[in-house]
Amino acid sequence: MLSDKMQEALNDQLNAEIYSSYLYLAMQAYFQSKSLTGFANWMQVQTQEELTHAMKFYGFISERGGRINLKSIEAPPGDWESPLAVFEAGYQHEQLVTGLINKLVDLSLAESDHATNTFLQWFVSEQVEEEDNASTVIERIKLVGEAPGGLFLLDQELGQRTFTPPAASAE
Ligand code: FEO
């Protein structure tokens, strides 16, 4: 059984993951408006990933006998200065999410809620990957910088990203 405080905190994270999905959807739309379809594809995969994160929280709260409490989803920004600015915003967002996950881990330890702590470990590892994914693209954008056709080639590469649902064992 979840404590009221833990249930509330997990519901807040469910909301944060849905917001993440919404944010990347806005970024997808930005790239589509610029005809950078590979970048848009990368964001579409990210949007889907965030929804699976949200549903992991949904499933865990339910499994522990908690109540799902869906809250308003904040509107994301709709425009950025450049592709680099988009990924920098995404990277910053992932750092913020890492902080939220760490706070949840702290709460689970304070409450000796070992089941929640174990559940959260998947997200601790996932956030390392999430931050790395965003910072890798930032480095690539900086690398191609002014090179003619650089952004076009990167767009083709990012178009190769595919969505892989999390393994059943990690659900
Ligand atoms: Fe759900 Fe991008 O962290």
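Predicted model, so just to flag it, every value in this text is computed and none were measured. Order of listing sets the numbers, starting from 1, for every ligand and every atom in it.
Across all non-hydrogen atoms, the minimal contact from Asp12 to Lys71 is OD1-NZ, 2.5 Å. In terms of heavy-atom proximity, Tyr19 sits nearest to Pro76 at OH-CA, 3.7 Å.
For a distance bound of 2.8 Å, the N, O or S atoms of Glu17 include one lying that close to atom 1 (Fe) of ligand 1. Atom 1 (Fe) of ligand 1 lies at 2.8 Å or more from every N, O or S atom belonging to Glu49. One of the N, O or S atoms belonging to Glu50 lies under 2.8 Å away from atom 2 (Fe) of ligand 1.
Restricting His53 to its N/O/S atoms, the shortest distance to atom 1 (Fe) of ligand 1 is reached by ND1. Restricting Glu130 to its N/O/S atoms, the shortest distance to atom 2 (Fe) of ligand 1 is reached by OE2.
Under a 4.0 Å N-O distance rule, the pair Asp113/Lys5 does not qualify as a salt bridge. Using a 4.0 Å cut-off between a side-chain N of Lys or Arg and a carboxylate O of Asp or Glu, Lys56 and Glu126 do not qualify as a salt bridge.
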Asp155 and Lys34: salt bridge (Lys or Arg N to Asp or Glu O under 4.0 Å), yes or no, with the steps? CA-CA 11 Å; Asp155 189 58; Lys34 305 286 179 199; over 6 Å; no
